[in-house]
Amino acid sequence: MSTERYNAREAEPRWQKIWDERGIYRTRNDDPRPKYYVLEMFPYPSGRIHIGHGRNYVMGDVVARFKRMKGFNVLHPMGWDAFGLPAENAAIERRTHPGKWTYENIATMREQLKLLGLSLDWSREIATCDPSYYGEQQRIFLEFLKGGFAYRRESEVNWDPVDNTVLANEQVIDGRGWRSGALVERRKLAQWFFRISDASEELLAGLDTLERWPDKVRLMQRNWIGRSEGLHVRFVLDHTPAEGLPEALPAEIKVYTTRPDTLFGASFLALSPSHPLTEQLAATNPALATFVEECRRGGTSTAEIETQEKMGYDTGLKVRHPLDGPDLPVYVANFVLMEYGTGAIFGCPAHDQRDFDFATKYDLPITPVVLPPDVDPASFSVADGPYEGEGTLFNSRLLDGLTVPAAKEKVALALENQILGNAPVGERAVNYRLRDWGISRQRYWGCPIPIIHCDTCGPVPVPEDQLPVRLPDDVSFDQPGNPLDRHPSWKHVNCPQCGAGARRETDTMDTFVDSSWYFARFASEPGSDPLQKQAADQWLPVDQYIGGVEHAILHLLYSRFFIRTLNKLGRVSLKEPFAGLFTQGMIVHETYKDTEGRWLFPEEVERDGEGRPVKVGTGEPVTIGLPEKMSKSKKNVVPPEIVADTYGVDCARWFMLADTPPERDSEWTSAGIEGAWRFVQRIWRLVGDAVVLAPDEIDRPVDFGAESLALRRSAHKLAAQVAEDVERLRFNVAVARVHAFANVFNDALAAARKGDVTPDLAFALREAATFLVGVVAPMVPHLAEECWQVLGRAGLIAEAAWPAVDPDLLAEDSVTLPIQINGKRRGEIVVARDASPAEVEKAVLALDLIAQALDGRAPKRIIVVPQRIVNVVA
RNA sequence: GCGGGCGUGGCGAAACUGGUAGACGCAACGGACUUAAAAUCCGUUUCUCUCUGAGAGUGCCGGUUCGAACCCGGCCGCCCGCACCA
């Protein structure tokens, strides 16, 4: 028996060095084997990683290693989402350069990731802040522009008047700038947009092709795109000249509705405060202008929007009802969004909560037009609130008696056929919630938008031969605002078209642009063109993409749009970048606070004699809080280095895969990591014991005894089942199977120690050990290499094949069937695997326990489910 | 408010998608080995009872079925996404 413990601290760096020296994780594009691309969402280099960051990389690594063993040419790269605001904040706080800070973090985190023993092809590493990467992105931007997928328009931003800077939504807290505390204003700025809304329909339809995505994510994207079918309706303005109205008002107002059936319940029209007509009226109406101003000032936080009261301003205008109803007043209302539909609505208070609130406040008529099923029209009232359900139309002339869908159809037809001017009054329309993607950021640390603004030529693309537009290094962060804007020379250039003095665009791109194609960059070999069509077509789509649910919408939707657009521009052949998606759960950890409410690191807490948590050294009592996502601020983090030093990273990897289903949050506990450690040692011992009992590799004997055969069956079943579990990413189940097999193997070894080790048993023991090591190799790769060596196998297990399963060993000759009487389990019977139902039935009826239960009577019915169960109905 | 998901021992969870509920692990308890400890190994561990056996049991109530954790209806509780989208 082996007595040495497995020394992970010594073995792990040794194997990592060997892997590294032999370059076995370097992927070649000319490898003829079938491809498999596994990718974890690349990290933002924020400083240091903690063990909580490791889970998705470990999961991806298990898949990568498994697929390699299964004979695939695996691409498993890593890079850095390296642009972004935190680098600028760090620059301000630490008086350092964002690039320096970023690259230092990358260096640290790269070493930490390497510590985890991940089988990554580091030769393809990229950082999005590298000019070779963002230069290509600038080229893509210009192609988008040329192809009509990018454009510029005015759009509102959050403006901090003290810091003189634009704020991201998350930097606005309770309507104030997070740093300055100043009240945030909304300002209009000319900004660049990608026309993602034009792709709404294809992005929606494409979701149906993504069969290996979680339903939840597809649903979230579906809701985000927010397709709705409705009707555009033109309401003619009644031009009875009212006092003080400006000349040249438009003849009509167009609204969008999904409830045209409620047209006869309409009691007002409402315009958005940003509607062109509102602006026209406000120009000569100071009271309205003030009202619009008030609406604009409304808070930006969700809490404020939620509780905001409905407010309206009666313009004094009236419109005519298109179908012989009463004239309707036109309001401007704070709850009508300009960005959706036409920026104007008709209000039907009886059947819409918002309209109901509004009508109640301004004392407008509330006419019910939809009667719920089985309700008497005389007693039906909407005084307590609107009715938004299905029903039958009434109070609605031509629609009376129709169901809601039938009424929608009839109104649509009627309005389509009613021609006014040269166009129908009503037109069916599809609307999407999805808006265009604003990519301009008034920041330094991002990809510069390659545009030059000329007073005569307007915005002009930077010529191809002048790309990339590099960020200047000599910038200062001692004043608020965008350093590119105040740089002494950077932005002053000549117009590429007319040669006159011009200015560079000083906005940089949203970092979601950077992450929308990095997976395509990994496809081409290091040093080659960043976006090579052939390479992208070879490797994409990503076969298995792994990351957090927090990216379920934006990153994944933007990437889908980006790839589709690259496809239209002829840059890639595929339409969907990620064939398989998995969203993993977080690692959570208890939180600790001392008596003064200060957060404590886990290593600052221990148990006293009575098991109470106390502070190390002082013995001061400690309060334990609920497990939460690991975060620096709450100090509930575990650094990978500590785990590596005490238990080894294989233990950490095993722990992260075990027990909890991968999509759920998993709690990091010391008991858990100790359990993983015990099991790692157990595998080591089992393999060592097997080698002692069966020291030599021998040819497979022809015949096997019962014990040997049983062990072989278990081993082959293990390899088959774990393969399936890993394919389905059910790592916790795979781990449980390995545990169960270890128990079986342990018993077999104990029995073998007592008796003779016959050649067939020796073969079976060695085979079992080899299978065990092969099966755990993707999960605990260092331990597996060490065991591989103990087994005397040549080469590295990292390059070995998955254990070869003999299908004959998977099928048992006989099966044990449970026997139920009236649905309750009463016994069991062993029958041949291929026994016919009639044979089983006969054997069951012959049993004593059945005879007793039947007590002489004939059974009413016997259900035999082959290889499953027998149920006797007495 | 709208949309979606989930409720199984002291805990994390399995259950081949309608067929032996609780595999496997953690924790706990008992035992072996040891001068002792660590490590390891062997047991016990859903609940109840009249305990060599029997009954109940997958949030609660009901239904479908020979058979339900799984399907259907209605409650209760928790979690997530969206949020004035007309």
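All figures in this text were calculated on a predicted structure; none of them were measured in a lab. Note on naming: letters A, B, ... go to the chains in the order of the sequence lines (proteins, then strands), and numbering restarts at 1 for each one.
- Comparing B:U52 with B:U58, their P atoms sit 26 Å apart, to the nearest whole Å.
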* To do: Quick one: the dot-bracket string of RNA chain B, using Watson-Crick and G-U wobble pairs with both distances under 3.5 Å, [ ] for crossing pairs and | for bases paired to another strand.
  => (((((((..(((......[....))).(((((.......))))).((((...))))..(((((..]....))))))))))))....
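- Looking at heavy-atom distances under 4.0 Å, A:Asn732 makes contact with sugar-phosphate atoms alone, never a base.
- Inspection of the A:Gln221 and A:Arg560 side chains reveals an N or O donor paired with an N or O acceptor under 3.5 Å.
- Residue A:Arg433 has no polar side-chain atom (N or O) positioned under 4.0 Å from OP1 or OP2 of B:A86.
- Atom pair A:Leu810:CG and B:C16:P shows a separation of 19 Å (rounding to whole Å applied).
- In this structure, A:Trp213 has no ring pair (Phe, Tyr, Trp, His ring centres under 6.0 Å) partners at least two apart in sequence or on a different chain.
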Solution key, residues 427-435 of chain A side-chain donor-acceptor pairs under 3.5 Å, sequence neighbours excluded:
{"unit_1": "A:Arg428", "atom_1": "NE", "unit_2": "A:Glu416", "atom_2": "OE2", "d": "2.9"}
{"unit_1": "A:Arg428", "atom_1": "NH1", "unit_2": "A:Glu409", "atom_2": "OE1", "d": "3.1"}
{"unit_1": "A:Arg428", "atom_1": "NH2", "unit_2": "A:Glu409", "atom_2": "OE2", "d": "3.1"}
{"unit_1": "A:Arg428", "atom_1": "NH2", "unit_2": "A:Glu416", "atom_2": "OE1", "d": "3.3"}
{"unit_1": "A:Tyr432", "atom_1": "OH", "unit_2": "A:Glu201", "atom_2": "OE1", "d": "2.1"}
{"unit_1": "A:Arg433", "atom_1": "NE", "unit_2": "A:Trp224", "atom_2": "O", "d": "3.1"}

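- The NZ atom of A:Lys629 sits 13 Å away from the P atom of B:C80 (whole-angstrom rounding).
- The distance from atom CZ of A:Phe346 to atom P of B:C84 is 20 Å, rounded to the nearest whole Å.
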Extract all donor-acceptor atom pairs below 3.5 Å that involve side chains of residues 258-278 of chain A and protein atoms in other chains or at least two apart in sequence.
{"unit_1": "A:Arg259", "atom_1": "NE", "unit_2": "A:Asp261", "atom_2": "OD1", "d": "3.1"}
{"unit_1": "A:Arg259", "atom_1": "NE", "unit_2": "A:Asp261", "atom_2": "OD2", "d": "3.3"}
{"unit_1": "A:Arg259", "atom_1": "NH2", "unit_2": "A:Asp261", "atom_2": "OD2", "d": "3.0"}
{"unit_1": "A:Thr262", "atom_1": "OG1", "unit_2": "A:Arg259", "atom_2": "O", "d": "2.8"}
{"unit_1": "A:Ser267", "atom_1": "OG", "unit_2": "A:Pro365", "atom_2": "O", "d": "3.0"}
{"unit_1": "A:Ser272", "atom_1": "OG", "unit_2": "A:Ser274", "atom_2": "N", "d": "3.0"}
{"unit_1": "A:Ser272", "atom_1": "OG", "unit_2": "A:Val336", "atom_2": "O", "d": "3.2"}
{"unit_1": "A:Ser272", "atom_1": "OG", "unit_2": "A:Met338", "atom_2": "N", "d": "3.4"}
{"unit_1": "A:His275", "atom_1": "ND1", "unit_2": "A:Leu277", "atom_2": "N", "d": "3.0"}
{"unit_1": "A:Thr278", "atom_1": "OG1", "unit_2": "A:Ser272", "atom_2": "O", "d": "2.8"}

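- For B:U65, the O4'-C1' to base torsion is more than 90° from 0; the nucleotide is therefore anti.
- Under the 4.5 Å side-chain criterion, counting only non-hydrogen atoms from C-beta, A:Val776 is in contact with A:Trp654.
- Note on A:Asp355: nothing from the nucleic acid sits closer than 4.0 angstrom, heavy atoms only.
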* Nucleotide by nucleotide, 5' to 3', does protein get under 4.0 Å of the base (B), only the sugar-phosphate (S), or neither (-) in nucleotides 26-33 of chain B, counting heavy atoms? -> SS------
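- Rounded to an integer number of Å, the gap from CH2 of A:Trp668 to P of B:G25 is 19 Å.
- For the pair A:Met586 CE and B:C79 C1', the interatomic distance rounds to 12 Å; values are reported in whole Å.
- With sequence neighbours excluded, the residues forming a ring pair (Phe, Tyr, Trp, His ring centres under 6.0 Å) with A:His555 are A:Tyr545, A:His551, listed by chain and number.
- We find that CG of A:Leu328 is positioned 20 Å from P of B:A86, with the value rounded to whole Å.
- Within 4.0 Å of A:Lys860, counting heavy atoms only, lies no atom of the nucleic acid at all.
- Spacing of P atoms, B:C78 relative to B:C84, comes out at 25 Å, to the nearest Å.
- Counting any heavy atom pair closer than 4.0 Å across all strands shown, A:Arg826 reaches sugar-phosphate atoms only and no base atom.
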* Quick one: do A:Glu252 and A:Lys254 satisfy salt bridge (charged side-chain N to carboxylate O under 4.0 Å, His left out)? Show the steps, please. => CA-CA 7 Å; A:Glu252 61 188 42; A:Lys254 195 193 255 187; over 6 Å; no
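- Both A:Pro818 and A:Leu337 sit near RNA chain B, but only A:Pro818 has its closest nucleotide nearer the 5' end.
- B:A86 and B:C76: their P atoms are spaced 28 Å apart (whole Å).
- Ring planes of A:Phe512 and A:Tyr558: perpendicular class, angle over 60° (limits at 30 and 60°).
- Rounded to whole Å, the separation between the C1' atoms of B:U48 and B:G43 comes to 24 Å.
- Comparing the same atom, P, in B:U40 and in B:U45 gives a spacing of 22 Å after rounding to whole Å.
- In this structure, the separation between CE on A:Met586 and CG on A:Asp665 is 4.0 Å, given to the nearest 0.5 Å.
- Applying the 4.0 Å criterion to OP1 and OP2 of B:G25, one finds that A:Asn743 has a side-chain N or O inside that range.
- B:U20 sits 34 Å from B:G4 when the C1' atoms are compared, rounded to a whole Å.
- Shown here are the side chain to side chain contact (heavy atoms under 4.5 Å, CB included) partners of A:Asp436, two or more places apart in sequence or in another chain: A:Tyr151, A:Arg153, A:Phe193, A:Arg195, A:Ile196, A:Ser197.
- Applying the ring pair (Phe, Tyr, Trp, His ring centres under 6.0 Å) rule to A:Tyr256 yields the partners A:His232; only residues at least two apart in sequence or on another chain are considered.
- Taking only side-chain nitrogens and oxygens, A:Arg682 comes nearer than 4.0 Å to OP1 or OP2 of B:C41.
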What pairs of donor and acceptor atoms, side-chain ones from residues 731-745 of chain A against any protein atom, are under 3.5 angstrom apart with sequence neighbours left out?
{"unit_1": "A:Arg737", "atom_1": "NE", "unit_2": "A:Asp725", "atom_2": "OD2", "d": "2.6"}
{"unit_1": "A:Arg737", "atom_1": "NH2", "unit_2": "A:Asp725", "atom_2": "OD1", "d": "3.3"}
{"unit_1": "A:Asn743", "atom_1": "OD1", "unit_2": "A:Arg682", "atom_2": "NH1", "d": "2.9"}
{"unit_1": "A:Asn743", "atom_1": "OD1", "unit_2": "A:Arg682", "atom_2": "NH2", "d": "3.4"}

Only pairs under 3.5 Å count here: list side-chain donor-acceptor contacts from residues 864-874 of chain A, not counting sequence neighbours, and write none if there are none.
{"unit_1": "A:Asn871", "atom_1": "OD1", "unit_2": "A:Gly823", "atom_2": "N", "d": "3.1"}

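- In B:C26 the base sits anti relative to the sugar, since the glycosidic angle is further than 90° from 0.
- Between B:G10 and B:C29, the two C1' atoms lie 13 Å apart (nearest whole Å).
- By the rule that a glycosidic angle within 90° of 0 means syn, B:G55 does not qualify and counts as anti.
- Distance, A:Arg218 CZ to B:C80 P: 23 Å, rounded to whole Å.
- Annotation: B:C33 and B:A28 have their P atoms spaced 23 Å apart (nearest Å).
- Distance CG (A:Asp747) to P (B:C42): 7 Å, rounded to an integer number of Å.
- At a cut-off of 3.5 angstrom, counting only N and O atoms as typed in the model, there is no donor on one side facing an acceptor on the other between the side-chain of A:Arg664 and the base of B:C79.
- The residue A:Val336 sits close to a base: some heavy atom pair falls under 4.0 Å.
- Applying the ring pair (Phe, Tyr, Trp, His ring centres under 6.0 Å) rule to A:Tyr362 yields the partners A:Tyr331, A:Phe358; only residues at least two apart in sequence or on another chain are considered.
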N/O-N/O pairs, protein side and nucleotides 63-66 of chain B side, under 3.5 Å:
{"unit_1": "B:C66", "atom_1": "OP1", "unit_2": "A:Arg861", "atom_2": "NH1", "d": "3.1"}
{"unit_1": "B:C66", "atom_1": "O2'", "unit_2": "A:Asn871", "atom_2": "ND2", "d": "3.2"}
{"unit_1": "B:C66", "atom_1": "O2", "unit_2": "A:Asn871", "atom_2": "ND2", "d": "2.5"}

